Student: 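Following this message is one structure expressed as structure tokens.
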Amino acid sequence: MPMNTLSRPLSRRHLLLAGSGLVAASLLLPRGLSLAHAAAPESSHKLTAGPSQARLAGAEHPETPVWAYNGTVPGPEIRVRQGDRLRIAVTNTLDQETTVHWHGIRTPNAMDGVPHLTQKPIAPGETFLYEFDAVDAGTFWYHPHHHSTEQVGRGLYGPLIVEEREPIQADRDVTWVLDDWRLLKDASISNDFGNFMDLSHGGRVGNTVTINGKVLDQVPVRAGERVRLRLINAANGRLFGLRFQGLRPMVIAMDGHPVEPHEPDDGRVVIAPAQRTDLVIDMTGEPGSRTTVVDDFYPNLAYRLVDLAYADALPLRDRPLEADLRLPDNPVAEPDLPNAVRHEVVLGGGMMGMMAGAMMDGTMTDMRTMMRHGMAWAINGTVAHGHVMDPIFTLERGRTCVIAVANDTAWHHPMHLHGHTFRVLSRNGQPTRFREWQDTVLLAPKERVEIAFVADNPGDWMFHCHILEHQAGGMLSTLRVA
Ligand code: C2O
Ligand code: CU
């Protein structure tokens with residue numbers, strides 16, 4: 001079985017074994033009809049992408065050279081209210097081109113940040129102004145869509161929070177951006193981005209997990225408080241399965257969108273790369289006690305992520321708040337299933353798969369030749385190179401589309417659709433319990449899911465795997481709404 005070749009550079013406490021187990025509004029309305037926007041408050045921001053330093057691994061380790069927005073990992077939290085108009089000027093001080101994608105936000109196509117497809121990449125020294133409305137409330141994030149394995153992998157990402165006009169009641173609203181780094185002994189980032197091993201297996205999985213850019217031993221909490229915790233997985237390839245020991249977190253939103261409040265299956269919060277989960281957690285422990293958050297997504301590589309450490313202070317209240325946990329719906333059009341058009345998408349390739357070959361640059365290519373070109377994955381039999389390609393299908397604007405996605409590989413794939421939010425209708429033929437809205441749906445090996453959405457946002461939109469090495473290895477497609 002292939003092994004992650006990295007030695008284990010940092011102290012054990014900071015290490016995760018990456019080993020064999022792992023291998024195994026204006027938008028909705030035509031122009032001129034955007035009613036609210038004449039008066040919509042504007043929210044202006046500046047982001048500068050460039051080299052910086054971050055103390056990821058703690059005081060006993062050197063700083064890590066990173067690429068960052070405004071010098072920090074994660075980049076600044078952009079926080080606005082639903083309905084606000086965002087203006088974000090992005091300046092590139094890297095020595096390579098970049099773009100910014102506003103993951104999960106239903107922007108107009110020209111603001112989607114996909115190089116060559118929706119915009120010219122931002123050259124070194126240049127600035128690009130992104131401008132769009134925050135139509136949906138929720139937990140979103142931003143990251144480059146150019147050379148993503150390296151640019152995101154070196155630290156370019158940040159949270160984008162759109163507050164509900166009437167938020168639910170909580171004592172604190174906390175964001176945790178989770179990331180996973182492959183660090184060397186000197187705490188620098190291993191520069192083996194896009195190597196074929198990562199690309200053809202489970203993606204780049206590292207050896208150091210950070211919360212908001214830091215390896216943390218503990219985070220302070222207070223007995224009796226209710227915390228809204230927004231989790232964002234910004235890792236290239238690592239999936240998380242979090243258990244909050246002794247607590248009963250309630251899932252209230254997935255990928256930013258409200259879901260019927262529920263306890264996660266088996267008490268474990270699974271978050272694939274690019275996904276977000278909003279939790280409400282009542283801190284029911286005793287003052288002065290600690291409880292551990294464990295990540296056991298890869299069961300034989302379970303580790304302690306962090307402890308929640310209760311202050312000695314008296315509990316804030318003696319019994320949990322009774323306030324409602326249901327978030328108000330976002331203005332997403334409901335799919336019209338009886339009149340839907342249906343399409344099928346098959347994911348193929350990767351190690352231990354059955355794919356013999358696929359279309360690459362217009363010719364049928366066998367798997368071995370594909371691999372020699374550093375490619376390993378296909379969508380509907382085609383390997384994508386770059387971001388500009390023929391759409392796998394064209395949807396009539398306003399029509400509901402059901403896509404049946406079949407994972408014909410031995411690997412997990414979080415599939416992300418740009419410009420739209422979809423309902424997850426079924427998994428392996430069984431209706432889902434919550435028909436959740438998502439922009440990134442996780443498929444387990446061999447799993448089949450059906451998703452549905454109204455194709456109401458015109459343009460060419462990416463539909464791709466968000467394990468960034470799979471995307472680089474060909475698991476990328478576009479669909480057109482015209
Ligand atoms: Cu978060 Cu196409 O990306
Ligand atoms: Cu994938």
Side-chain angles (χ1 to χ4, degrees), residues 22-23 74-75 98-107 109 111-119 139-149 151-153 156-160 177 179 194 198-205 232-239 255-256 271-276 345-353 355 375-379 383-384 386-389 405-421 438-447 449 459-479:
L22 287 184
V23 176
T98 193
T99 64
V100 180
H101 172 59
W102 314 96
H103 185 116
I105 306 254
R106 297 185 294 142
T107 65
N109 193 255
M111 296 293 121
D112 197 42
V114 180
H116 308 292
L117 188 73
T118 70
Q119 72 171 94
T139 303
F140 304 100
W141 65 299
Y142 56 90
H143 64 79
H145 219 287
H146 193 60
H147 297 159
S148 306
T149 54
Q151 292 194 7
V152 179
L156 286 167
Y157 58 79
L160 200 176
V177 187
D179 195 8
D198 291 344
L199 195 128
S200 57
H201 294 80
R204 180 183 178 88
V205 174
I232 300 172
N233 183 352
N236 286 32
R238 178 183 288 272
L239 290 90
D255 289 353
I271 322 175
Q275 291 187 321
R276 289 87 62 215
V345 167
V346 178
L347 312 177
M351 285 304 160
M352 294 171 278
M355 195 170 83
M375 306 305 278
W377 306 95
I379 292 182
V383 184
H387 283 89
V388 180
M389 64 200 77
V405 190
N407 179 3
D408 203 6
T409 80
W411 303 91
H412 282 91
H413 303 290
M415 294 298 296
H416 172 46
L417 175 63
H418 286 210
H420 297 81
T421 302
Q438 301 230 257
D439 55 60
T440 308
V441 61
L442 177 63
L443 284 92
K446 299 292 170 192
E447 195 173 29
V449 306
D460 280 6
W461 301 103
M462 304 262 61
F463 184 51
H464 67 84
C465 180
H466 219 290
I467 290 182
L468 300 175
E469 291 69 32
H470 292 180
Q471 180 186 337
M475 195 171 272
L476 177 80
S477 64
T478 60
L479 44 93

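When a ligand or atom number is given, it counts from 1 through the structure's own listing order. The first residue of the sequence shown is numbered 1, and numbering continues consecutively from there. If you're wondering where the values come from, they're calculated on a predicted model, not measured in any experiment.
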Student: Run through the protein N/O/S atoms less than 2.8 Å from atom 2 (Cu) of ligand 1 and write them out by chain and number.
Tutor: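 As for protein N, O or S atoms lying under 2.8 Å from atom 2 (Cu) of ligand 1, they are H145 NE2, H418 NE2, H464 NE2.
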Student: For N236 and R204, indicate whether the former's side chain and the latter's backbone hold a donor-acceptor pair under 3.5 Å.
Tutor: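 Not confirmed, N236 side chain does not pair with R204 backbone.
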Student: Tell me whether T478 contacts the main-chain N or O of D460 through its side chain, where contact means a donor paired with an acceptor under 3.5 Å.
Tutor: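 Between the backbone of D460 and the side chain of T478 there is no qualifying donor-acceptor contact (under 3.5 Å).
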Student: Spell out, as yes or no, whether a donor-acceptor pair under 3.5 Å connects the side chain of W411 to the backbone of M352.
Tutor: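 It does not hold such a pair.
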Student: Taking F463's backbone N and O only, do any of them form a donor-acceptor pair with S477's side chain (distance below 3.5 Å, no angle check)?
Tutor: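 Yes; judged by distance alone, with no hydrogens or angles, the pair exists.
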Student: Quick one: do D112 and H101 satisfy side chain to side chain contact (heavy atoms under 4.5 Å, CB included)? Show the steps, please.
Tutor: CA-CA 5 Å; D112 197 42; H101 172 59; 3.1 Å; yes
Student: Pick out which of H420, R276, H418, H466 makes a side-chain hydrogen bond (donor to acceptor under 3.5 Å, both in side chains) with D439.
Tutor: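 Among the candidates, only R276 passes.
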Student: Heavy atoms, side chains only, cut-off 4.5 Å: are W102 and F140 in contact?
Tutor: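 W102 vs F140: side chains apart.
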Student: List nothing but the number: protein N/O/S atoms under 2.8 Å from the Cu ion (ligand 2).
Tutor: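 For the Cu ion (ligand 2), the figure is 3.
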Student: Fit a plane to each ring of W141 and H143, take the angle between them on a 0 to 90° scale, and name the class: parallel (under 30°), tilted (30 to 60°) or perpendicular (over 60°).
Tutor: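 The arrangement is tilted - the two ring planes meet at 30° to 60°.
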Student: Would you mind naming the N, O or S atom of H143 nearest to atom 1 (Cu) of ligand 1?
Tutor: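 For H143, the N, O or S atom at the smallest distance from atom 1 (Cu) of ligand 1 is NE2.
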Student: With under 30° as parallel and over 60° as perpendicular, where do the rings of H470 and W377 fit, or are they tilted in between?
Tutor: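 Judged by the thresholds at 30° and 60°, the geometry between H470 and W377 is tilted.
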